[in-house]
Amino acid sequence: MTQRVRKAVFPAGGLGTRFLPATKVVPKEMLPLVDKPIIQYGVEECLASGIEHIIFITGRGKSAMEDHFDFSFELDANLERRGKKELLELSRRVATMARVSYVRQKEPLGLGHAVLCAKDLVGDEPFAVLLPDDVVDAPRPCIGQLIDVFNQRNGSVLATMTIEGPAISAYGVLAGSADAQNPRIYNCTGMVEKPKFEDAPSTQAIVGRYVLTPRVFELLETTKPGAGNEIQLTDGILALLAQEKVFGYTFEGKRYDAGDKFGMLQATVEFALKREEFSEKFRDYLKSLPL
Ligand code: G1P
């Protein structure tokens, strides 16, 4: 029997330089996608997948995130006084939706180091990692899909997507082969963070969703800085692969890089088109543009 995945780690210490100037003061995780900060999509994905405890790894200037997942006394009192019941419910729901903990990453030493900061709060149990920039629209929550594979195969699982061409250099890339029984599963034999295009071992790029066994913490403790001179999560998982099975999983759904200006534009258009309350109006508006 595998242990249940109850906790999720959200590394959220990054500076968001790809989205300047919007992220000069506002944390990138708080940028709105239609009407919710992008981090809330990840949190809701976890809650819909049976995860109960959210662990944010934060850094300087990220306090807006803590305020978002807390009660806003002045706002709530004001809404109550004015009888705005639905808005009050919306505001309070965010504060009560999850059990949340915060760990401060004091130095930006890399994604692997950020995950290692959660070691004490996670303890000796399997856990999820979600990179908040990666927003995934899926028929069944992406992290829930990975948890299913983790339970079936009893090994760590990384979400993957196929990237053709030089763009692969922006990702962690897996080596290995597709599983004979389930072609969505990829049996890993290696992985490399941000390889040169000509050195990429496959077209299987890592997307920011992982289910990992706690053994990875010990390995991250001794992982040396790698690509970009940062302690890379990919390198910690590569060390894990020497001891345990690790799988890739081609999740069902679509991933948007909401930490990137163009990716956010794509997500905004597509998420807005799916929103019942204004999908028709928005569709008509788009059609009316002289494109
Ligand atoms: C991180 C990971 C990388 C992964 C990517 C997915 O890179 O290190 O392995 O492919 O997220 O978004 P970053 O985008 O933080 O440079």
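Note that ligands are numbered from 1 as they come in the structure, with each ligand's atoms numbered from 1 the same way.
- Where the criterion is an N or O separation shorter than 3.5 Å, residue side chain and backbone included, Val207 fails it with respect to ligand 1.
- Applying the side chain to side chain contact (heavy atoms under 4.5 Å, CB included) test between Met264 and each of Val269, Ile38, Val135 identifies Ile38 as the sole match.
- Atoms of ligand 1 lying under 4.0 Å from any heavy atom of Thr234, numbered from 1 in the order shown and given with element: 9 (O).
- Within the listing of ligand 1, atoms 1 (C), 11 (O) sit less than 4.0 angstrom from a heavy atom of Leu131.
- Considering only non-hydrogen protein atoms, atom 7 (O) of ligand 1 sits nearest to Lys194 NZ, 3.3 Å.
- Looking only at side-chain heavy atoms (C-beta outward), Leu265 and Thr268 stay at 4.5 Å or farther from each other.
- When ring centroids are compared, Tyr256 and Tyr41 stay outside the 6.0 Å threshold.
- Few gaps surround CZ on Arg140; more than 12 heavy atoms of other groups in view lie less than 6.0 Å from it.
- Heavy-atom proximity to Arg255, at under 4.0 Å, picks out these atoms of ligand 1: 12 (O).
- Between the side chains of Gln204 and Thr162, at least one donor-acceptor pair of N or O atoms lies under 3.5 Å.
- Under a 4.0 angstrom heavy-atom cut-off, Leu111 registers as being in contact with ligand 1.
- Closest to atom 4 (C) of ligand 1 by heavy atom, among Ile237, Ile168, Val192, Ile206, is Ile206.
- Atom 15 (O) of ligand 1 is not flagged as protein-proximal [any protein heavy atom, distance under 4.0 Å].
- Remark: minimum distance from atom 8 (O) of ligand 1 to any protein heavy atom is reached at Glu193 OE2, 2.7 Å.
- Remark: Leu15 CG is loosely packed, at most 12 non-hydrogen atoms of other residues, nucleotides or ligands lying under 6.0 Å away.
- Both Leu212 and Leu174 sit in one connected hydrophobic cluster of ILVMFWY residues. Membership requires side-chain heavy atoms under 4.5 Å apart, directly or through other members.
- Every atom of ligand 1 with a heavy atom of Asp134 under 4.0 Å away is listed here by number and element: 6 (C), 12 (O).
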